[in-house]
There are 2 protein chains.
Amino acid sequence: MQNARTFFMEKFRSDCPISCSLDVFGDKWSLLIIRDIMLRDKVSYSEFLGSEEKIASNILVNRLNVLEAEKILVKEVSPANKSKFVYSLTQKGLDLLPIVIEIMDWGAKYNANCPRKEIGKKIKKDKAAVIKELSRSLKSKIR
Amino acid sequence: MQNARTFFMEKFRSDCPISCSLDVFGDKWSLLIIRDIMLRDKVSYSEFLGSEEKIASNILVNRLNVLEAEKILVKEVSPANKSKFVYSLTQKGLDLLPIVIEIMDWGAKYNANCPRKEIGKKIKKDKAAVIKELSRSLKSKIR
DNA sequence: ATTTGTTGTTGCAAAACGCAAGAACCAAAT
DNA sequence: ATTTGGTTCTTGCGTTTTGCAACAACAAAT
């Protein structure tokens, strides 16, 4: 049995909250999965696998497992299809929404090749309102 | 000579602004360098190298080069010490501030081992005010 | 000339990633 | 019972990235 400090040290580089966050989702894929759930109504492995960025299946499994272990996502058998799993956000996962929105806004602002769609224009006009609205509609789906 | 589309494809996985952003700073180190500049008044290679997370020197050089190439940072000879370089944020780099603040807030909220310091408590109380205030004070230093 | 401070490089081992193929599992259809 | 189709997950293998340690390059100060 290891104490809390040992556990912490094995997992995190420092006690800086930014560093700790990046230890969890600081990679090129994790937040894209979160995006798919938050903004594209995707919920299953096969839907994530189909996204345009073409994540490899082994990487996807690994990231889903990490996000589940971190209690950002919850995995359940689909009510509609018993041979399928669906992933839902937890409150902790939903709280990533402001980060995702800010990243989207920055990316749209500085990439001519990333045309703002409806959501992007709304963000540019009133970011707080978009976060509030989305947060409200996602709230009803959290586990 | 390649056209813009080819250039874009070689660099980015898709035209999603979130994906494009992660293509630039989606790793465990880039935003820690930005944090050091924004919140800890660090400006030089040796100062970044000294941070508690202990980045390797080759990784640091690589990330600084990427951030400079992306026009997030600007590298100049130090006015005070001619054998030293200092890195400054550009407007594009400064615009990462809301992302950094949101990540810090999330990390502090969900890690018992990341006690909120003064800045963290301010963020919890009034996030927008902190961003506004910091943005204002950093604005005078951008290149 | 030597020392000191700062930035950057190199070699090598370990870890993570990307890709392709296919295995495991389950449910529904035949 | 067997097959089919859909979904999830694993494996092998080559590539890329990372981490680590030592050290090289350079300029300024002594």
Side-chain angles (χ1 to χ4, degrees), chain A residues 9-14 16 19-20 22-33 36-37 40-70 73-88, chain B residues 9-14 16 19 22-34 36-37 40-70 73-88:
Chain A
M9 283 174 56
E10 283 173 7
K11 214 170 176 187
F12 298 111
R13 289 170 292 174
S14 79
C16 163
S19 169
C20 288
L22 295 175
D23 284 334
V24 173
F25 60 77
D27 68 88
K28 297 210 183 306
W29 294 109
S30 298
L31 287 181
L32 291 187
I33 296 170
D36 283 349
I37 298 177
R40 303 187 175 180
D41 291 314
K42 299 190 178 185
V43 293
S44 70
Y45 174 90
S46 54
E47 287 174 316
F48 304 141
L49 203 58
S51 286
E52 52 187 345
E53 292 86 8
K54 295 283 164 261
I55 188 172
S57 64
N58 53 342
I59 308 293
L60 176 56
V61 169
N62 174 264
R63 290 307 180 282
L64 287 173
N65 287 340
V66 169
L67 293 172
E68 193 188 2
E70 291 290 336
L73 299 180
V74 169
K75 180 183 187 176
E76 293 171 310
V77 173
S78 168
N81 179 343
K82 288 181 61 174
S83 72
K84 195 172 173 179
F85 292 105
V86 294
Y87 290 87
S88 310
Chain B
M9 283 175 56
E10 283 172 9
K11 214 171 177 187
F12 297 111
R13 288 171 292 174
S14 78
C16 163
S19 169
L22 295 176
D23 284 333
V24 173
F25 60 77
D27 68 88
K28 296 210 183 305
W29 295 109
S30 298
L31 287 181
L32 291 188
I33 296 170
I34 302 297
D36 282 349
I37 299 177
R40 303 188 176 179
D41 291 313
K42 299 190 177 184
V43 293
S44 70
Y45 175 90
S46 54
E47 287 175 315
F48 303 141
L49 204 57
S51 286
E52 53 185 346
E53 291 88 6
K54 295 283 164 261
I55 187 172
S57 64
N58 53 343
I59 307 292
L60 176 56
V61 168
N62 174 264
R63 290 307 180 282
L64 287 172
N65 287 340
V66 170
L67 293 173
E68 192 188 2
E70 291 290 335
L73 299 181
V74 169
K75 180 183 187 177
E76 293 171 309
V77 173
S78 168
N81 179 343
K82 288 181 61 175
S83 73
K84 196 173 173 177
F85 293 105
V86 294
Y87 290 88
S88 310

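Residue numbers start from 1 in every chain, and the chains themselves are labelled A, B, ... in the order their sequence lines are given, proteins ahead of strands. Given the structure is predicted, the values throughout are model-derived calculations rather than measurements.
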Can you list the residues that meet the ring-ring contact (aromatic ring centres under 6.0 Å, His included) rule with Tyr45(A), with sequence neighbours excluded? none
Exercise answer: donor-acceptor pairs, residues 57-65 of chain A side-chain atoms, under 3.5 Å, sequence neighbours excluded:
| residue | atom | partner | partner atom | Å |
| --- | --- | --- | --- | --- |
| Arg63(A) | NE | Asp27(A) | OD1 | 3.3 |
| Asn65(A) | ND2 | Val61(A) | O | 3.3 |

Pairing residues for Glu68(B) by the salt bridge (charged side-chain N to carboxylate O under 4.0 Å, His left out) criterion, not counting sequence neighbours: none
Return the value, rounded to whole Å, for the distance between atom [atom1] of [X] and atom [atom2] of [N].
{"X": "Asn62(B)", "N": "dT7(C)", "atom1": "CG", "atom2": "C1'", "result": "15 Å"}
{"X": "Leu49(B)", "N": "dT7(C)", "atom1": "CG", "atom2": "P", "result": "9 Å"}
{"X": "Asn65(A)", "N": "dC17(C)", "atom1": "CG", "atom2": "P", "result": "14 Å"}
{"X": "Ile33(A)", "N": "dT8(D)", "atom1": "CD1", "atom2": "P", "result": "13 Å"}
{"X": "Tyr87(B)", "N": "dG8(C)", "atom1": "OH", "atom2": "C1'", "result": "10 Å"}
{"X": "Glu68(B)", "N": "dT7(C)", "atom1": "CD", "atom2": "C1'", "result": "13 Å"}
{"X": "Phe48(A)", "N": "dT8(D)", "atom1": "CZ", "atom2": "P", "result": "9 Å"}
{"X": "Ile59(A)", "N": "dT17(D)", "atom1": "CD1", "atom2": "P", "result": "13 Å"}

Please set out all donor-acceptor pairs under 3.5 angstrom arising from side-chain atoms of residues 79-88 of chain B, sequence neighbours excluded.
| residue | atom | partner | partner atom | Å |
| --- | --- | --- | --- | --- |
| Asn81(B) | OD1 | Ser83(B) | N | 3.0 |
| Asn81(B) | OD1 | Ser83(B) | OG | 3.1 |

Looking at Arg13(B) and Ser19(B), what are the two nearest heavy atoms and their distance? NH2-O, 3.6 Å
Does [N] have its OP1 or OP2 closer than 4.0 Å to a side-chain nitrogen or oxygen of [X]?
{"X": "Arg63(A)", "N": "dC17(C)", "result": "yes"}
{"X": "Ser44(B)", "N": "dT6(C)", "result": "no"}
{"X": "Lys84(B)", "N": "dG8(C)", "result": "no"}
{"X": "Lys75(B)", "N": "dG8(C)", "result": "yes"}

Are any of the side-chain heavy atoms of Leu31(A) and Leu22(B) separated by less than 4.5 Å? yes
Of all residues at least two apart in sequence or in a different chain, which pass the side-chain hydrogen bond (donor to acceptor under 3.5 Å, both in side chains) check with Ser46(B)? Ser44(B)
Run the side-chain hydrogen bond (donor to acceptor under 3.5 Å, both in side chains) test against Glu70(A) and tell me which residues pass, sequence neighbours left out. Lys11(A)
Protein N or O to nucleotides 20-30 of chain C N or O, pairs below 3.5 Å:
none

Closest to side chain of Tyr45(B), choosing from dG19(D), dT6(C), dG8(C): dG8(C)
Of all residues at least two apart in sequence or in a different chain, which pass the side chain to side chain contact (heavy atoms under 4.5 Å, CB included) check with Lys42(A)? Asp36(A), Arg40(A), Glu47(A), Phe48(A), Ser51(A)
Near DNA chain D, which residues from residues 22-32 of chain A have a heavy atom under 4.0 Å away? none
